[in-house]
Number of protein chains: 2
Amino acid sequence: MLKITRKVEYALIALRHMQQASEHSVSSTTEIATQYGIPQHLLAKILQQMARDNLIQALKGPAGGYKIKADLDKISLKDFFEKLEGPLGLMDCYFNTDCLQMKSCNILTPLQRINQNMRDMFSKTTLMEITQ
Amino acid sequence: MLKITRKVEYALIALRHMQQASEHSVSSTTEIATQYGIPQHLLAKILQQMARDNLIQALKGPAGGYKIKADLDKISLKDFFEKLEGPLGLMDCYFNTDCLQMKSCNILTPLQRINQNMRDMFSKTTLMEITQ
DNA sequence: ACTATATACGACTATTTTAATCGTATATAA
DNA sequence: TTATATACGATTAAAATAGTCGTATATAGT
Ligand code: FES
Ligand code: FES
């Protein structure tokens, strides 16, 4: 329970890889996928999404690849997770008032407090703290 | 991402319900299931597990049900989650050294730090804080 | 211009995890 | 004896996640 997805893990691995590559070089999908044993096509989709989100920049053609575009020091893990996977919360009802269609959920208020703690924790952590 | 399971949510709802019932009364599965719209058979299994874990005590027969047995003030949310759902961590490799069979995971160390933060947070919160 | 290599992207399939159901056994108060 | 409750394993259904496939497009190098 409470695990990050492979998608997020692959994204973090790729970010760190690029972060540690030299400033002006690019890293290709193939290069990253083979080095860390990530399914290439899957990684490709993830990198494409990160490019759309302006986290990284794509360079097409031979000798192309990606390099980091955003300032990783200014992006929280919470924002990163939400970019990739959508709403981040312990319960669905944090974003959606349906609340499991329950007549009356008796733990909503206390759970929201815990949830806020968790979100705060991920808000205070930057991407840089993982990729540096 | 990072959501608790329905199982855990149902368990918490039931605990709070019992906590708020009078000291010497018992709450039956049917009573709780109907009040909160939880599938009865599913809730039954969850309550049985909590009884095995000595969180609650079962009383069989007509007018039977469950009542709280453990001291909820002394049980952390982390321990509760792990009782119900097993190992609690952001990554599988926190407990299992396989680490996705990756040749070399470059984010293991930083992720473990974040993971520890999360576990600490749930360790510091007691069940009572949700059920009271 | 051609070719090889790379990103782009939608559709599809497979796998895993979670959620829910079913059937049957056992205990016990009335 | 009966009605009501817990106990528990087996099975099925649904949802979320992970991975694959096919095809299009861009571009550096030749
Ligand atoms: S249904 Fe949302 S917290 Fe219970
Ligand atoms: S494989 Fe475990 S943190 Fe990367």
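Reminder, nothing fancy here: chain letters follow the sequence lines and each chain counts from 1. Note: hydrogens, waters and symmetry copies are ignored here, and every other heavy atom, side chains too, is used.
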Look at the side-chain N and O atoms of B:Y10 and state whether any lies under 4.0 Å from the OP1 or OP2 oxygen of C:dA19.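 For C:dA19, neither OP1 nor OP2 has a side-chain N or O of B:Y10 closer than 4.0 Å.
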
Please determine whether a side-chain nitrogen or oxygen atom of A:R52 lies at a distance below 4.0 Å from atom OP1 or OP2 of C:dA8.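 The answer is no; no side-chain N or O of A:R52 sits under 4.0 Å from OP1 or OP2.
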
Are any of the side-chain heavy atoms of A:E82 and B:M1 separated by less than 4.5 Å? no

[atom1] of [X] versus [atom2] of [N]: gap in Å, rounded?
X     : N      : atom1 : atom2 : value
A:L43 : D:dC21 : CG    : P     : 17 Å
B:E31 : D:dA5  : CD    : P     : 10 Å
A:Y36 : D:dA18 : OH    : C1'   : 21 Å
B:D53 : D:dT6  : CG    : P     : 17 Å
A:E9  : D:dT17 : CD    : P     : 15 Å
A:H41 : D:dT23 : NE2   : P     : 12 Å
B:L42 : D:dC8  : CG    : P     : 16 Å
A:Q57 : C:dA6  : CD    : P     : 17 Å

Please assess B:Q49 against B:K83 for the test side chain to side chain donor-acceptor pair (under 3.5 Å), listing each intermediate value before the final yes or no. CA-CA 9 Å; B:Q49 182 177 349; B:K83 265 185 204 295; over 6 Å; no

Trace of the side-chain contact (heavy atoms from CB on, under 4.5 Å) decision for A:F80 with A:L55: CA-CA 9 Å; A:F80 178 69; A:L55 288 166; 3.8 Å; yes

Report the nucleotide, chosen from [options], that has the shortest atom-to-atom distance to any side-chain atom of [X].
X     : options                : value
A:K60 : D:dA26, C:dA27, C:dA20 : D:dA26
B:T29 : D:dA28, D:dT6, C:dA29  : D:dT6
B:Y66 : C:dA4, D:dA5, D:dA7    : D:dA7
B:T5  : C:dC9, C:dT18, D:dG19  : C:dT18
B:Q48 : C:dA20, D:dT6, D:dT4   : D:dT6

Run the side-chain contact (heavy atoms from CB on, under 4.5 Å) test on A:R16 and A:Q132 for me, step by step, so that the C-alpha distance in whole Å, both residues' side-chain angles and the decisive distance to 0.1 Å come before the verdict. CA-CA 7 Å; A:R16 171 149 191 172; A:Q132 77 193 341; over 6 Å; no

Between A:A63 and A:Q40, which is nearer to the 5' end of DNA chain D once each is assigned its nearest nucleotide?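 It is A:Q40 whose nearest nucleotide is closer to the 5' end.
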
State whether B:E9 and B:K3 are salt-bridged, where the test is any N-O pair (Lys NZ or Arg NE/NH1/NH2 against Asp/Glu carboxylate O) under 4.0 Å. no

Please work out if A:K45 contacts a base, only the sugar-phosphate, or nothing of the nucleic acid, heavy-atom cut-off 4.0 Å.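 Result for A:K45 = base.
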
Quick one: on DNA chain C, does B:E85 or B:G61 contact a more 5' nucleotide (nearest heavy atom)?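 Final value for this comparison: B:E85.
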
